[in-house]
Amino acid sequence: MAATMSVQVRKCQLRDKPSFLAKTITSLAYADQVTIQQEKDDWYRVVPLNRPNGGWVHVSALSKKKIVLKPGSRDIDSAASSDELALAGKGFNEQVEKDFKKKNKNVDFTWVDKMEKIVISQVEMQNFLKDGGLIAEGEGA
Amino acid sequence: MKYIFSRRDFLQHVGKISLAGAGAYGLTSMLHGCISADISSTLSQVSRHSGSIINVAKAGIKTFDDFTPEQEYYIGRTVGALILEKYKPYDNTEVTRYVNILGQTIARASDLPETFNGYHFLVLDSNEINAFATPSGLIFITRGMLGCCADEGELAAVLAHEVGHVQLKHGLQAIKKGRFTEFGSILAMETTKALTDSEVAQLVESFEGTISDITTTMINNGYSRSFEVDADKSAAIIMGRVGYNPTSLITMLEAMDAKLQPGGRDFAKTHPSPSSRINYLAKRITTEQDPETPDARARRFREAMKIS
């Protein structure tokens with residue numbers, strides 16, 4: 001039985017080589033499940049469940065726990081222990097943040113939201129490394 | 001060109017990271033475990049309670065390492081909002097963009113390149129010399145700190161040090177141990193069943209306490225010396241991976257040392273003295289040759305700082 005892992009970040013890219021500068025094949029979303037095929041350093045070659053094409057993903061995006069977005073009793077019944085299952089959106093979550101904001105109206109999240117919208121493209125990063133005479137991933141010692 | 005960060009230290013460091021990461025990712029051992037897992041024995045362990053109220057998450061959260069990246073993200077957002085309550089953001093698109101390109105490039109070379117919603121950087125409009133990193137990767141640097149950086153390599157050193165704090169989960173480790181008992185009992189009830197109003201209220205209180213534990217350490221008291229040393233070690237490794245000279249970490253600390261006011265309320269209060277960090281690093285970082293900074297790198301730094 002090949003090992004299955006879940007995506008534990010909001011969104012990540014599946015790439016054609018084990019590098020952040022490699023071409024993106026497709027995107028994976030939170031709680032997507034993948035089957036591990038190969039390991040290379042901190043990168044895993046995976047195939048998402050019910051999808052044809054595999055690719056490379058950094059291990060920090062994956063959890064050994066099955067992440068369940070909307071858990072029903074069947075998911076819970078079929079888990080052997082709490083070590084195997086994580087419920088998305090439980091504990092400290094969006095609702096807790098909303099309630100925190102209600103209690104602490106002086107705390108302003110505007111700039112936190114703005115910061116999170118700053119996206120640097122892969123091309124910008126590649127050019128930044130190249131122009132700066134820096135090491136692109138995989139070229140380093 | 002290769003930058004050498006004492007191999008023995010590096011190995012110790014890597015060992016520490018893989019230990020710390022074991023709970024979160026449980027890489028190789030976990031995979032072997034899964035592969036060899038016998039399905040029938042797994043099924044035999046399944047507890048068949050009646051109804052849907054089963055304490056699957058009974059283990060709950062016992063240590064900082066049990067938070068999911070999603071929960072770490074929500075903790076980090078509120079910590080970030082509280083930092084921004086104390087410091088005004090510096091609203092300048094060019095500088096923000098430059099710091100994010102540099103910072104996100106650095107973060108990708110760390111041992112924790114993927115966090116729940118990625119790394120994001122912001123300059124704070126303050127003359128204080130300071131920098132902060134929240135769990136999950138919101139990183140703040142003051143204009144005063146920018147002023148201590150003579151070139152891109154030195155700014156890379158500051159940002160890599162902060163990424164080191166995120167990677168090593170230093171923010172979460174500031175949460176008081178008793179806190180885990182407090183919200184552990186609520187989260188132990190975590191099931192498919194929604195929490196009651198009073199349970200939600202309790203959870204929000206625990207959240208406030210958690211945030212306060214982190215901001216008290218991060219903003220007021222500072223991390224332990226060993227956390228700072230570990231973040232410096234991570235920074236040196238990350239810098240080497242990207243191609244910056246790790247000695248920039250030392251030159252940046254020297255510049256800070258010259259500027260910090262003893263007894264000041266900023267970095268001087270929350271960090272071990274730059275000179276003690278320099279002594280530690282100088283023994284461990286060596287370079288094979290002096291780096292030459294390409295013109296383009298020097299130019300883009302000058303341009304970004306001119307407007308900062």
Side-chain angles (χ1 to χ4, degrees), chain A residues 1-4 8-10 12 20 30 36 39 42 58-64 67 71-73 76-83 85-97 99-100 103 106-109 111-112 115-116 118 120 124-125 128-129 131-135 137 140-141, chain B residues 2 25-27 30-31 34-35 37 39 42 45-46 48 52 54 56-59 61 68-71 74-75 77-78 80-82 84-85 89 96 100-102 104-105 108-109 111-117 120 122 138 152 187 190 192 200 203-204 207-208 241-244 294 296-297 300:
Chain A
M1 182 179 114
T4 302
Q8 61 173 352
V9 296
R10 185 168 269 167
C12 69
F20 282 109
Y30 191 35
I36 314 296
E39 272 182 68
D42 287 338
H58 192 274
V59 68
S60 57
L62 300 175
S63 167
K64 64 174 175 170
I67 297 172
S73 54
I76 292 173
D77 275 354
S78 63
S81 74
S82 61
D83 289 339
L85 194 68
L87 309 184
K90 289 285 177 176
F92 295 160
N93 59 12
E94 200 175 355
Q95 187 56 49
V96 171
E97 183 183 296
D99 292 343
F100 173 89
K103 280 179 78 178
N106 54 323
V107 182
D108 186 354
F109 282 69
W111 271 91
V112 168
M115 275 176 91
E116 289 190 359
I118 304 169
I120 305 299
E124 274 178 291
M125 245 180 237
F128 184 83
L129 289 167
D131 297 345
L134 297 164
I135 301 172
E137 225 180 329
Chain B
K2 285 182 186 172
Y25 313 119
L27 311 182
M30 176 278 303
L31 273 178
C34 280
I35 291 163
I39 298 172
T42 306
Q45 292 168 36
V46 174
R48 300 263 170 207
S52 61
I54 299 165
V56 275
K58 199 159 194 168
I61 292 180
T68 61
E70 185 188 8
Q71 300 200 55
Y74 282 105
I75 293 170
R77 274 176 57 83
T78 301
L82 287 174
L84 286 161
E85 211 190 10
T96 307
N100 273 278
I101 295 180
L102 174 59
Q104 293 191 19
T105 302
R108 289 221 155 162
D111 288 343
L112 186 69
E114 301 269 17
T115 62
F116 190 71
N117 201 38
H120 303 280
L122 188 66
L138 298 178
E152 187 176 290
L187 295 180
E190 186 179 46
T192 54
V200 169
L203 194 56
V204 175
F207 182 70
E208 287 174 319
R241 284 178 188 165
V242 185
Y244 290 108
R297 202 198 295 177
R300 68 190 180 195

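Predicted model only: the values in this text are computed from it and were never measured. Chain letters run A, B, ... following the sequence lines, proteins first, then strands; residues in each count from 1. As a basis for the values below, the full set of heavy atoms in this structure was taken, side chains included, without hydrogen atoms, waters or symmetry mates.
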Asks: Is it the side chain or the backbone of A/Asp131 that comes within 4.5 Å of chain B heavy atoms, both, or neither?
Replies: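 Both backbone and side chain.
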
Asks: Compare all side-chain heavy atoms of A/Leu129 with those of B/Val242 and state whether any distance is below 4.5 angstrom.
Replies: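 In short, these two side chains touch, coming nearer than 4.5 Å.
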
Asks: Quick one: CD on B/Glu70 to CD1 on A/Ile67, what's the gap to the nearest 0.5 Å?
Replies: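 Result: 8.0 Å between the selected atoms.
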
Asks: Mind checking side-chain contact (heavy atoms from CB on, under 4.5 Å) for A/Val107 and listing every partner two or more places apart, or none if nothing turns up?
Replies: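 By the side-chain contact (heavy atoms from CB on, under 4.5 Å) rule, A/Val107 matches A/Phe100, A/Asn104, A/Phe109, B/Ala81, B/Leu82, B/Glu85.
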
Asks: Minimum heavy-atom separation for A/Phe128 and B/Arg300, please, with both atom names.
Replies: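 A/Phe128 and B/Arg300 have their closest heavy atoms at O-NH1, 2.8 Å.
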
Asks: Please check this pair: side chain of A/Ser60 against backbone of B/Glu114, looking for a donor-acceptor N/O pair closer than 3.5 Å.
Replies: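 Checking the backbone N and O of B/Glu114 against the side chain of A/Ser60, a donor-acceptor pair under 3.5 Å is found.
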
Asks: For a quick test of reading the model, state the closest non-hydrogen atom pair linking A/Ile118 to B/Gln104 and the distance between them.
Replies: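 Distance-wise, the nearest heavy atoms are O-NE2, 3.6 Å.
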
Asks: Closest approach of A/Asp99 and B/Val204, non-hydrogen atoms and distance?
Replies: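 Heavy atoms only, the tightest pair is CB-CG2, 3.4 Å.
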
Asks: Give the member of B/Gly80, B/Pro89, B/Ala296, B/Ala109 that has the highest number of heavy-atom pairs under 4.5 Å with chain A.
Replies: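 The answer is B/Pro89.
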
Asks: With rounding to the nearest 0.5 Å, note down the distance linking OG1 in B/Thr96 to CE in A/Met115.
Replies: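 So the OG1 of B/Thr96 and the CE of A/Met115 are separated by 9.0 Å.
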
Asks: If the condition is side-chain contact (heavy atoms from CB on, under 4.5 Å), which residues does A/Glu94 pass it with, not counting sequence neighbours?
Replies: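 Testing A/Glu94 for side-chain contact (heavy atoms from CB on, under 4.5 Å), a comparison that skips the adjacent residues, returns B/Tyr74.
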
Asks: A/Glu116 versus B/Leu138: any side-chain heavy-atom pair under 4.5 Å?
Replies: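 They are in side-chain contact.
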
Asks: Roughly how far, to the nearest 0.5 Å, is the CD1 atom of B/Ile75 from the CD atom of A/Glu97?
Replies: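 That separation rounds to 11.5 Å.
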
Asks: Before giving the answer on side-chain contact (heavy atoms from CB on, under 4.5 Å), spell out for A/Leu134 and B/Glu152 the whole-Å C-alpha distance, their side-chain angles and the decisive distance to 0.1 Å.
Replies: CA-CA 11 Å; A/Leu134 297 164; B/Glu152 187 176 290; 4.1 Å; yes

Asks: Measure the CG-CG distance between B/Leu84 and A/Asp108 for me, rounded to the nearest 0.5 Å.
Replies: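 Answer rounded to 0.5 Å: 8.5 Å.
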
